[in-house]
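In what follows, every heavy atom counts, from backbone to side chain, and hydrogens, waters and symmetry copies are set aside. Remember, it's a predicted structure, so these values are computed and weren't measured experimentally. So you know, we letter chains A, B, ... as the sequences are listed, proteins then strands, and number each from 1.
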Amino acid sequence: MSDAGDFDLEQFKITYFEECVELLADAETRLNNVQQSIGNVDVEDLHAIFRAVHSVKGGGGAFNFTQLVNFAHIYETLLDLMREGHVAVTDEVVSLMLSATDVLNNLVNAAREGHDLPEEAWADIAVELEALSGVTPSEDGDDEDHGGDDEPEGDDGAESGLKQFEVLLKPDVHLLQYANEPLLLIRELSSLGELETEIDLSKLPTLDKLKPDEIYLSWRFVLTTEKGEADIREVFEFVEDDCEITVTLLKADDVEQEISDAPVSDEASDESVAQAPAAVPDKPAGVPEKAKPAQAPATAAAAAPAGGAATASAKISSIRVDLERVDRLVNMVGELVITQAMLHQQSADLPAEFSQIMARGFEDLGMHTRELQESVMAIRMQPVKSVFARMPRLVREVSTKLGKKVDLVTSGENTEVDKTVIELLADPLTHMIRNSLDHGIETPSERAQTDKPERAKIHLSAEHRSGRILIDVADDGRGINRDRVYAKAVENGVIQADTNLTPEQIDELIFMPGFSTAEAVTDLSGRGVGMDVVRRNVTNLGGRISVTSQPGQGSRFTMSLPLTLAVLDGMITAVGTEKFVIPLTSIVESIRPTRDSLKHLSTGAQVVSVRGDYIPIVHLHRVFGLKTDITDPCKGLVVLVEVEGGQHVGIMVDELLGQQQVVIKSLETNYDPVAGVSAATILGNGRVALILDLDGLYSMGTEARNLPPLELEDASVMTTEQV
Amino acid sequence: MEEGFELHQDGELARIALPAVLDLAAAEKFWTACANAHERGLNLDLDGSDVERLTTGCAQVMLSAAKTLEAGGMTLSLSNPSEAVRKGLEDLGLAEMLEKWSAK
């Protein structure tokens, strides 16, 4: 094969492995659903798991990943029997499915790394799967064997009797470009029975109009088979988005239903499948009902109106793009925003007759740039599903280890957030859930004593609020033991023994550095990584984390994160000749304090009284050593902002210059970390402005003794220690 | 001329020996070779004896070439079709075409 061909194959491989990750994550989520609803399993979950495994197998076959394909086939056989209702869904079976999914994951990883797994890594599970499927290992690979050893005769009655189907296959013109090969589909279809093939050449152009990588052919097949419509649709499973596929029952042995002249319709299709459940024999307990027509694989394609041009174009609804390309695009759009802002600002210096002419153009340019930026940012937005999907397993494993019974309920999985945020979300989320499982949820016997249901519940949810994403982890456990937390905080020297704290303040103590109430360090949440680290990580992302708790009722951790780490809506402020950006979402209000409302502490800190609360003031000119004429808060402005734990701090600036969306440039990457500064940006005049790290400033404000003294007009009230 | 699709002219007949793999990557080269024969106004004979794998893309080029040549009063023929070519064309529903092209 040519170099280009090798390259293509590598690209396909990369795409395949990416898809495997998504498919297996989805299978995992579905497995969790199945596990939670044993006895009342939604057959669509079984279909979805089957489709995922089948797709992994199909792609693996194209790259000759024999070990992977063989195992997936064995697993798929069991799944097929389960969804057909021949194998009951029990705890043991689900447990085996979980192990099988693990093995499949490992096999995919091994294939990605270009090696096989040792036999012991998968053979035992394969034998168990085969035993459950009623297939002896020597029979491995027999796709037709759906009958278990213990099945009554005629169990596959749903599929028995010869039927005749008309199958119309009309590929989308781009089908070949997605490495799909109609010939293979036809051959797979012919393996189901006796196949008559008619090819339609009416759309075939002459050579001058032919594009070799496009397809102009379509087919009509008549298949005489014992199989059902679901089996036929399964053949086209990989291409259902790239083809119009219509399956119509022409004739069945038991139902003389000649509809060969009837137009292709959904009704006909539904009818064909609707016969199937009637023939299903007595099922073992826990077996789900057979798939309804609407739930059968590939029905979406069948439901599409045949021959609609709009349908064909709608089917190519997504493409895969290298993340690096998107990042480059985001970066370039960021630069464009900066350039646009610079030009806009510079045009103001032009003579009036020119600046007026240009103003309108800049208005349009500004609007389009903003729209462009929003569109580009939207490309990187992804549902949090990919992170949420990892949690069921965590809950399962940890709860089993702890001997607790826990159900994880998720909602808002489709809430979208920037990919960079998603990647950084997994760790804090994992820790929050581990924490709930380890400290929050009681053992079944403890729950029995308090009249709680045996199975505890953790609710993981996501939603958009005020331009941020809120992620909640709520459990119905014992809640925070405040007496124990308080005692531990005193013991660890976090607080003084006689400190008066509100219940909420006590709850906040769990975020203090080094704080842990675990009697012994477990390998779970007490791994030496405390909630303080979680808070720091979340804060570093520009987020906040808080906890609320009801003793005996449970706890709720709430994490709020920016939707993106690439841009920020900020308030531009001035201190002397410097500009600073305050994240807009943190600003509560801005005030000019009266002389009476200002108080000075012996630590050197200055506070302002706002509606009865004393709020520390951070003087930016002191923090950053700037020269300014305005050093008195009564002459400047104090911007009140909210920091972690719901605390407030006042940032003293000379004036507010206006709101602006700024492109975030990392200081760590381009320079060095600076205390009190989270990042930088480039303003319209081309100058760098610092984006304030409000939590950092809060800490600095409350420890003002390390800062230069205030030069107050009323200096007599100050007591400071100069460093 | 594209590698693997060398066109050998013999009077009014152009002969192309098809390579072992007729996949999508080969379809573009195949198309170029067929278009070349058509431009020269030659009948085209494809030698399929070495073909081990035929895909729909290349079968489609073959069909389009036959249609184009016939429209211009020329012909396409298929010599020594291997089992892969026979089976491929038959499975695609092109048994009649196979018979027609092979008969020449």
Could you grab the distance from atom NE2 of His38(B) to atom CG of Asp208(A), nearest 0.5 Å is fine? 7.5 Å
Given Ala26(B), Gly88(B), Ala95(B), Ala35(B), the one with more heavy-atom pairs under 4.5 angstrom with chain A than any other is Gly88(B)
Under 4.5 Å from any heavy atom of chain B - which part of Tyr216(A): both
Go through the structure and list residues passing side chain to side chain contact (heavy atoms under 4.5 Å, CB included) with Ser82(B), not counting sequence neighbours. Val51(B), Ala84(B), Val85(B)
Donor-acceptor under 3.5 Å (Thr56(B) side chain, Glu181(A) main chain): no
Using a cut-off of under 4.5 Å on heavy-atom pairs, state which of Glu214(A), Glu196(A), Arg187(A) scores highest against chain B. Arg187(A)
Are there more than 12 heavy atoms of other residues, nucleotides or ligands under 6.0 Å from atom CD of Gln9(B)? yes
One option among Ile199(A), Ile215(A), Leu201(A), Leu210(A) has the most heavy-atom pairs under 4.5 Å with chain B, and it is Leu210(A)
Is Pro205(A) in contact with chain B via its backbone, its side chain, both, or neither, using a 4.5 Å heavy-atom distance? backbone
Under the side chain to side chain contact (heavy atoms under 4.5 Å, CB included) rule, what do Thr55(B) and Leu184(A) come out as? Steps first, then yes or no, please. CA-CA 9 Å; Thr55(B) 60; Leu184(A) 297 181; over 6 Å; no
Side chain / backbone / both / neither for Leu92(B) at chain A, heavy atoms under 4.5 Å: both
Examine distances only and state if a side-chain atom of Lys67(B) and a backbone atom of Leu204(A) form a donor-acceptor pair shorter than 3.5 Å. yes
Residues two or more places apart in sequence or in another chain: which of them pass side chain to side chain contact (heavy atoms under 4.5 Å, CB included) with Cys20(A)? Tyr16(A), Val56(A), Val108(A)
Measure the spacing between CG of Leu63(B) and CG of Leu217(A) and express it to the nearest 0.5 Å. 6.5 Å
The interface call for Leu54(B) against chain A, heavy-atom contacts under 4.5 Å, is backbone
Would you say that more than 12 heavy atoms from the other residues, nucleotides or ligands in this model lie under 6.0 Å from the CD of Glu96(B), or not? no
Out of curiosity, Cys34(B) SG to Leu207(A) CG, how far, rounded to the nearest 0.5 Å? 6.0 Å
Is Ile186(A) in contact with chain B via its backbone, its side chain, both, or neither, using a 4.5 Å heavy-atom distance? side chain
Please check this pair: side chain of Trp31(B) against backbone of Lys211(A), looking for a donor-acceptor N/O pair closer than 3.5 Å. no
Test your reading of the model: is there a side-chain donor-acceptor pair from Thr68(B) to the backbone of Thr206(A), 3.5 Å cut-off? no
